[in-house]
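These notes are about the structure you will find just below.
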Amino acid sequence: MDQDRVLEAFRLEAGELTKAVAGLPEAEWDRPTRCEPWSVRELLGHVRIVIAWLPQMLDSPAPDSAEIAAAGYYRPDDRFSPQTNATRIDLARNHAAECANGAALADDFAATWQRVDRLCRDQPENRVVRTRHGDAMLLSEFLITRVVEVAVHGLDVAEALGCEPWLTAEAGMVVRELLLGSGQLAAVRELGWDEPTFLRKATGRAALDATETAQVERLSIHWLTLG
């Protein structure tokens with residue numbers, strides 16, 4: 001997928017999440033989310049952390065070639081183990097606790113993704129990076145996984161706050177292509193879902209009823225398992 005296109009989706013989706021939490025009353029930050037045991041505060045801390053890996057990755061020597069694409073990044077190995085998940089939970093909680101209040105966390109999130117955006121815009125199209133899990137990936141492919149983080153958890157934040165989702169068309173398309181492949185984009189239109197509904201269904205945040213399950217099987221759609 002074109003690096004500029006993915007980066008634009010990242011920029012737009014992160015910007016919408018920033019606007020959604022700007023000026024949020026302090027009590028709202030402690031609302032529970034479906035991503036237990038995180039609150040809204042801790043969930044945003046998680047999204048900030050997974051974006052903040054990028055500067056160090058860009059400062060490190062580039063691998064000779066990419067070995068993993070975005071879909072392969074989600075393979076079920078120890079990155080989704082109970083131990084890794086426990087570390088992921090603690091990192092988010094600790095970062096959220098380090099911020100004086102929700103406003104400070106929101107500002108930190110905005111500064112972090114904006115810095116990453118600037119750094120990535122200076123990278124060549126064929127830049128290869130190594131993830132913290134050891135994967136050698138094209139930067140454009142790794143950025144797809146960051147769009148997933150911001151988009152999916154943006155839905156989680158919206159649900160926790162009781163507001164309408166703000167999923168951008170650009171981010172929605174990037175995630176759909178990752179989950180389905182470009183050859184299945186037309187088929188999924190038969191399901192009649194809007195972008196937020198598709199993303200909720202595809203990531204297990206909303207159940208498929210019997211009719212939808214039959215349609216998915218008929219269309220030979222295979223969801224990507226996300227951690």
Side-chain angles (χ1 to χ4, degrees), residues 1-22 41-74 79 84 87-88 90-92 94-96 98-100 102-157 166-178 226-227:
M1 198 177 295
D2 178 78
Q3 184 167 298
D4 288 341
R5 178 186 164 210
V6 180
L7 192 54
E8 177 70 2
F10 169 78
R11 182 184 306 119
L12 292 171
E13 193 65 20
E16 289 300 309
L17 179 52
T18 298
K19 287 190 284 187
V21 298
R41 186 190 313 271
E42 293 161 343
L43 182 54
L44 189 69
H46 165 70
V47 180
R48 183 267 184 197
I49 285 170
V50 300
I51 292 171
W53 297 120
L54 267 155
Q56 182 178 351
M57 291 164 60
L58 294 173
D59 282 342
S60 300
D64 292 334
S65 60
E67 301 168 354
I68 297 294
Y73 177 85
Y74 295 99
R79 72 193 65 201
T84 303
T87 299
R88 189 177 290 119
D90 289 343
L91 284 173
N94 291 340
H95 180 72
E98 289 169 359
C99 295
L105 177 61
D107 288 345
D108 177 62
F109 171 71
T112 299
W113 76 256
Q114 288 165 5
R115 180 189 178 208
V116 165
D117 175 50
R118 290 192 300 271
L119 291 173
C120 290
R121 274 186 276 157
D122 291 335
Q123 301 301 313
E125 179 71 26
N126 61 348
R127 175 65 199 271
V128 180
V129 295
R130 190 171 301 281
T131 74
R132 70 188 185 96
H133 300 295
D135 298 321
M137 301 177 68
L138 284 171
L139 174 60
S140 58
E141 291 292 306
F142 184 72
L143 284 171
I144 291 172
T145 71
R146 301 308 90 176
V147 173
V148 171
E149 293 283 348
V150 181
V152 172
H153 289 312
L155 292 181
D156 297 332
V157 170
W166 51 80
L167 181 66
T168 64
E170 293 82 359
M173 180 59 74
V174 167
V175 177
R176 276 203 293 143
E177 287 193 20
L178 168 67
L226 303 177

### Query
Would Val47 and Val150 satisfy side chain to side chain contact (heavy atoms under 4.5 Å, CB included), going step by step from the backbone distance to the final call?
CA-CA 7 Å; Val47 180; Val150 181; 4.1 Å; yes
#### Entry: Intermediate values then yes/no, side chain to side chain contact (heavy atoms under 4.5 Å, CB included), Phe142 and Asp135
CA-CA 10 Å; Phe142 184 72; Asp135 298 321; over 6 Å; no
### Task
Please step through side chain to side chain contact (heavy atoms under 4.5 Å, CB included) for the pair Phe10 and Val174, ending with a clear verdict.
CA-CA 9 Å; Phe10 169 78; Val174 167; over 6 Å; no
### Query
Given Met173 and Arg5, is the side chain to side chain contact (heavy atoms under 4.5 Å, CB included) satisfied, shown in steps?
CA-CA 10 Å; Met173 180 59 74; Arg5 178 186 164 210; 3.1 Å; yes
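Applying the side chain to side chain donor-acceptor pair (under 3.5 Å) test to Arg127 and every residue at least two apart in sequence or in another chain returns Gln123. The side chain to side chain donor-acceptor pair (under 3.5 Å) search around Arg146 returns Tyr73, not counting sequence neighbours. By the side chain to side chain donor-acceptor pair (under 3.5 Å) test, Glu141 pairs with no residue at all, sequence neighbours left out. Every salt bridge (Lys or Arg N to Asp or Glu O under 4.0 Å) that Glu42 has, sequence neighbours left out, goes to Arg93. Annotation: side chain to side chain donor-acceptor pair (under 3.5 Å) contacts of Thr87 (sequence neighbours excluded): none.
To the nearest 0.5 Å, atoms CG (Asn126) and CD (Gln3) are separated by 8.5 Å. Atoms CG and CG, from Asp59 and Leu119 in turn, are 7.5 Å apart once rounded to the nearest 0.5 Å. For the atom pair OG1 of Thr131 and CG of Leu54, the computed distance is 10.5 Å after rounding to the nearest 0.5 Å. Note: His153 NE2 to Leu155 CG = 10.0 Å, rounded to the nearest 0.5 Å. Leu167 contributes atom CG, which lies 11.0 Å from atom CG of Leu12 (distance to the nearest 0.5 angstrom). Annotation: the span from Cys120 atom SG to Leu58 atom CG amounts to 5.0 Å, rounded to 0.5 Å.
A donor atom on one side chain and an acceptor atom on the other are not found under 3.5 Å apart for Thr168 and Glu16.
By the 4.5 Å heavy-atom criterion applied to side chains, Met137 and Arg130 are not counted as neighbours. Taking 4.5 Å as the limit, some side-chain heavy atom of His46 sits within range of a side-chain heavy atom of Glu149. By the 4.5 Å heavy-atom criterion applied to side chains, Leu17 and Trp166 are counted as neighbours. Residues Ile144 and Val175 form no side-chain contact, since every pair of their non-hydrogen atoms from C-beta on lies 4.5 Å or further apart.
In the displayed structure, Asp2 atom CG is contacted under 6.0 Å by more than 12 heavy atoms of other residues, nucleotides or ligands. A 6.0 Å sphere centred on CD of Glu125 holds more than 12 heavy atoms belonging to other residues, nucleotides or ligands.
Residue pairs meeting the side-chain hydrogen bond (donor to acceptor under 3.5 Å, both in side chains) criterion with at least one partner in residues 111-121, sequence neighbours excluded, are Arg11-Asp117, Thr18-Trp113, Arg48-Thr112, Asp117-Arg121.
Closest approach of Ala136 and Ser65 over heavy atoms only: CB-O, 3.5 Å. For the pair Pro55 and Ala52, the tightest heavy-atom approach, listed with the atom from each and the gap, is CD-O, 3.3 Å. When all heavy atoms are compared, the tightest approach of Pro63 to Val128 is CD-O, 3.6 Å. What you find for Ala151 and Ala171 is that their closest heavy atoms are CB-CB, 4.4 Å.
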